Structure formats: structure tokens, C-alpha cells
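Every chain is numbered from 1 and lettered A, B, ... according to where its sequence line falls, protein lines coming before strand lines. Remember, predicted model here, so these are calculated numbers, not experimental data.
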Amino acid sequence: MIKITFPDKSVREFEQGIKAYQVATSISTSLAKTTIAASVNGKVVDLDHQINSDAGIIFHSFSSKEGKEVYWHSSSHIMALAVKNLYPNVKVAIGPAIEQGFYYDFEAEPFADEDLRKIEKEMSKIIKSGMKFERNEISREEAIKMFESKGEDYKVELIKELPEGEVISTYSLGDFTDLCRGPHISNSSKIKHVSLLTSSGAYWRGDSNNKMLQRIYGISFPDKDELEKFLMIREEAEKRNHKKLGRELNLFSFFPEAPGSPFYKKNGLIIFEKLIEYWREEHKKDGYEEIKTPVILKRELWERSGHWENYRENMFTSEIEGDQFVIKPMNCPGGILLYNSELHSYKDLPIRSGEIGLDHRNEFSGALSGLFRVRAFHMDDAHIFMTPAQIKDEIIGVIKLFARVYKTFGLEYHLELSTRPEKSIGTDEAWETATEGLRGALDAYGIGYEINEGDGAFYGPKIDFKIHDALSRQWQCGTIQLDMNLPERFDVTYIDENSDKKRAIMIHRALYGSIERFMGIIIEHFGGFFPLWLAPVQVTVIPVSDKFNDYAKSVYDKLNSLGYRVEFDDRSEKVGYKIREADGIKKTPYMLVIGEKEVETNIFTVRQHKNGNIGELSLEDFISRIKVEVDTRILPEGYKLEFNK
RNA sequence: GCUAAUGUAGCUCAGUUGGCUAGAGCAGCUGAUUUGUAAUCAGCCGGUCGGGGGUUCAAGUCCCUCUAUUAGCACCA
């Protein structure tokens, strides 16, 4: 008999060699039903796994991270079998679970949408037939022989690279045997609802020198509702697509004459300016100064900073009178020139120097994507120059600043600390100090964070803010990067208490990341229904007929003179028509319909986007309402996606 | 940059196996209508079918090429 310990610390005895699923069944059939895999002594295993000695056990259902991973990984195998059934000549490469779903790479002709539908159908057959996943452990030689005989070159390549002594396991599902570490679900029938999403090219092993394979992405869920919710979010994301809304709301345009470079229209520029206005307000509160440095700077500067060597292919250059110039891709070298233009006492530090800099980067054509990835953008940069002793407090200050700004947009976020990458400069000691500085700040601030081992910049560790939008999608926005490179290269110093010259500590930080990208994110986050302080048009005044135009115009004039962004729709159209346009299409936060009743009583029925009529207010009350809403930057109601369940 | 798909009016889209003068809705303009909370009616305007080259008696349609866009990959020190 062996002793098995459960998560609640209870212990029960079982026959030696009992399988994990039998343990689950012994507890309850419902547990056995929802269980996908188990962890035995912390290692995730198949439910068929035999337990031979005392162990701790945890069962994983789809709701856990481990459960999802196994579920999706198995789904990818089912997809591979389906593809092999339909297209026997394809070769399989790899097929893992990912954060949301799974994919499998094949050497094959590109798959069209119809192919995906066919593969889905084949998958449901496989699922319905209830095939078993069978695990086998085989020797390296056997494995190579087997996959070679099947012509699965990619698998052979993978096996040959496995370290000596590694257990080589395969999982078979019907005729399809795949090299796989596992674990897997026990039976294909556990996969309930599958949808194949997209297919496109992907390089073998992610290397652009290698052959391009065909990748199919898919998702699966045990419950139909979950699949529907997933697809609904995708649909909603499509509706909120910032390129589409940008056109509909007259925010910006792109032209082939300047790929990747947005042209802001009147309405978009309002949002752009308001974002910066708010940024300035918050930074001023925190003791930042603001500077502005030139866009075009000589090549020598970039050689000194190291960009010429390391970032060359992303930089635009220009030649003027025989000298080479760089259109700046970043603001830091210019900012450092300014810092270095005077001597700094320790008493001056920290210096928090902000710059909304217009940067250009030669992003590869295939990388461009609306406002999310552009060639011309405004970085909301700031550099903080300080003494080593100030690191912790400064970092905490930045985190607090970012936190309060994201809150204003209703954006959730989590933090990630990225540590030293393989390719990096600086001594171990310097990295240690720098990383501990960031870690110390995070701990002192008292917020949870994830560690991204080895994901730091080559010049220093960083803290990244991953923000979560209204559709629960994640975006990289804010970043705080400690730089151990540029201060050396530019000899950035301050004078300490003993009149000694000391190396200053420098951090780069950006809150929005880039104004362009952030604007794209909030367009989708709000779905075009902006908070009043950001909305390009805040109020539309709608006279019922031109009999009321004069009075309505006076209301418009009043709001306009107070500085609100108001439109006056005096076209000879029906009220319904104007409402449809102002509310449904332009998503104007407030509408005032003005007819006989308003003229007589001076009381307005105020209509709000998404929320319909919100009550009757005098003009004065309406004005004080919107004043509060603008001044305190209240979030709109109803921009978040609501589910029926 | 790579793979694939796409590009027809300002927008969304039709346009057979190549075959008359390229269509529709919305938007815009003009007029009528004077309207009470998500589309009033009529008329008009609007296109070198992304650019260039080719095949053909004939090209929006087929081929080549360039370009832009989209998705993914790679990239994002």
C-alpha cells in the first residue's frame, strides 16, 4: 500500500501502482469527469500514470493553468491527426499549447479557410470516435528509425538534438504517432468544442533562415459557452478595431505615401493633445521638468551611444553637406547631451527630465500595423538621473505615477521584472545592484510581480507594465529600464558630498510607451466611447426642427464659449436620423435634443451614449455635470463588454 | 524582411468559364419635407477597377512585376 496526500493535506492509502484516474474516481465521479491531468509530486502526468510510491497528488481540470495546457496540447494532436488524415503527404513539425489555445506547424501547401473547416470536421469525427492517447517510451535509435520511416524529418531532427539519456516518449492517437513529452488527456472525447482560427506561415524553429511552415491556430473548450464567449470577444475586438474606428470617427488616416506614419485629423489630434495635456499635469505634480531635443542628430552621437552598431537597420539616415545624420529612433542620447551640458551636484539629483520626442524607426514593412506599430511616433519618455541611493524611491515614484494614470483610463495591469539576458554588458555586481534596486522597489511598493528571467535589455534590468484592456487583452505599455550602458559611454556624472565625480544612475521610463500605440489601445479599450475629457466631440445639440434653431444655437454657443467641444446639427433631418448619427455612429457622449418643451421650460432630456436618456436637467445642471466629468476625468459607463452569463 | 491573402466610387461590397457603355447601398450635393430620441422622399454627382508590363480579336476578370494593406512568422538593443 502507498500513501497519497491530497491538496487539503488529507492522506489516503491505495494499492501500489494505482493509476491517477483511479484515485480521482475513488473520490468522486464528478471529479473524475472534469479531471484532465494530475500532478504527482509536482510533476504533471497523464491520468494513466501509475503511482508506485507515497506521493502528493493534485488533480487539474480545465480551469487550472496546467489543465488548459494539457487540454490544448492534446487538441493540437487531434488537429495533426485530422490534417494527416486529409492530407497524407504533410510533414508535422511541432504543436504546443499556447496562452490561448494551440497551434501545430506542418510542412504543407498553405491552408485556405475551407481547409480549416474541413479539418475541423475531421477533428469532430476523431473526437466523437473516442480515440485513446497511448504513451510509449522508446529508445533513441527506435525513435529515429520510426520517424525516418514515416518521412517525418522534423521529428528526426528534434530527436537527434535531445540530450543523451533523456526519456523519449511518443503518444499515439489512432494512426498518428507523435514525438511528445506529454502529458495528454486520456481520450479524444474529452475535447468538446473546437474552433480553428487562422493559418499562416511560420518559420521552422522560429528562424527566418529556415523553411517556412504552415501553422494552424486553434482553440478548444469543454463548455460551449466558453467557446462562444471566446469567439464573441474576437468579434467584439473586430468591431472595436482602431483602424476601423479611426476612419469612422475621423481620427487619423494612413497613406501609401508614408507607410506606417499616421496623419492625425482634427478629432484624432484632440485625443493626442489631451493625452499629452494629462501627461504633463501628472508629471508636473511629480517634479518632472520637460525638455525637447532635435529630431536629426549627427552619426557620431549614435556611434558613441552604440546605436550605430546595434540598431543600424532600424534607423533612418540622411546626408547633409557630406555629413551623415540619423533621424532619431530614441530620445536618450539627446537628453544626455543636455544633462551633460552642465555640472550637477548631488543636491540637484534626482533630475526627472521628460520629453515627448518625435521618433522614427525603420520598422520592417511586415511589422507595421495601424497605430500599434508605426514608423513615426511620439515617445513619452523621461530620464531620471540620480545617485545609487535614490534608486528605490525613484522607482517607487514612477510605479505610483503609472498606477494612477492607468487607473484614470480604467486599465488594469500587472508588473513583470526582467532580469539579465545572455547577451549583456556590465559586471555581475552592477547587474546584481541594479536588479536588486528594482526588486527592492517592487517589494517595498508591495505589489505582486512576475519575473521574466533573462528578458531584460542588454544594458540593464527593467520593469514592464502589462496592461489589460476592456476585452482582457494584454499590451506592453509602461516600462522602467535601468541603464548601465549610456552613463558609461557618455560619462554621465554628478559631484558628491566630497567633491568627487561619481557615475550617475540613469533610468529610462515611458508611461504610454508611445502616444500613437496608446491611442490605438484606448480606442479599442473604449470601443470609441471615450471619457468626456478625451472625446473629440463631447456634446451634440440637436434641434427638433429649424423652428428651434435659434434657441438651440444659443445653447450651442453657451457650451462652446465655456470651452466644450460641441456640434450643432441643424440639418433638416428627423431627430431619429440625427440621433442615429451622433449616438450610434459617432458615439458622442452627450446629446441634447431641443424642441418646444426645452424652449419653454429650459429643462433638457439629456441623452448619453450607450445609456439612453439619463434624466431631465437644466442647462446649468448639465453644465456642472459635464464640468465635474471632465475635471475629474470620470470613466464612461458601459464601455466594458458585458456577457449574458 | 518571409509566407499567404487582399486592393473595384469617400465607406461597405456585387461583378459568371475573359465578352456590350463597370453596378448597388451608405456618405456627399440639390430640391422637397419642418420633423421629439438609432435611417423622410426624389433627383444628381462620383470609378485610368492600386501602379506598370504582358497574353488575347477582347482583361476588373488570366500571367509577370512593383506597391500598399491584412493575418501570422521573424523583428521590436
**Asked** From the list B:rG72, B:rC75, B:rU69, which nucleotide is the closest neighbour of the side chain of A:A367?
**Response** B:rC75
**Prompt:** Mind checking the P distance from B:rG31 to B:rU67? Whole angstroms is fine.
**Reply:** 47 Å
**Complete:** For nucleotides 33-39 of chain B, 5' to 3', base contacts (B), sugar-phosphate-only contacts (S) and non-contacts (-) with protein non-hydrogen atoms under 4.0 Å give BBBBBBB
**Request:** Go through B:rC73, B:rA71, B:rA68 for me and flag the one nearest to the A:P256 side chain.
**Result:** B:rA68
**Request:** Test A:L371 against every option in A:F518, A:F377, A:F254 by the side chain to side chain contact (heavy atoms under 4.5 Å, CB included) rule and name the one that passes.
**Result:** A:F254
**Position toward the 5' end of RNA chain B (nearest nucleotide), A:G260 or A:F364** = A:F364
**Message:** Salt bridge check, A:E248 against A:K587: does any charged N sit closer than 4.0 Å to a carboxylate O?
**Reply:** no
**Request:** Determine: side-chain N/O of A:K462 to OP1/OP2 of B:rC76, distance under 4.0 Å, yes or no.
**Result:** no
**Request:** For A:Y87, check ring-ring contact (aromatic ring centres under 6.0 Å, His included) against everything at least two apart and list the hits.
**Result:** A:F111
**Asked** When all nucleic acid strands are considered with a 4.0 Å heavy-atom cut-off, which category describes A:G460: base, sugar-phosphate, or nothing?
**Response** nothing
**Asked** Quick check, are the ring centers of A:Y639 and A:H525 under 6.0 angstrom apart?
**Response** yes
**Message:** Taking atom types as they are modelled, would you say the side chain of A:R373 forms a donor-acceptor pair with the base of B:rC75 within the 3.5 Å cutoff?
**Reply:** yes
**Donor-acceptor pair under 3.5 Å, A:Y203 side chain vs B:rG1 base** = yes
**Message:** Rounding to an integer number of Å, can you tell me how far A:F252 CZ sits from B:rU69 C1'?
**Reply:** 14 Å
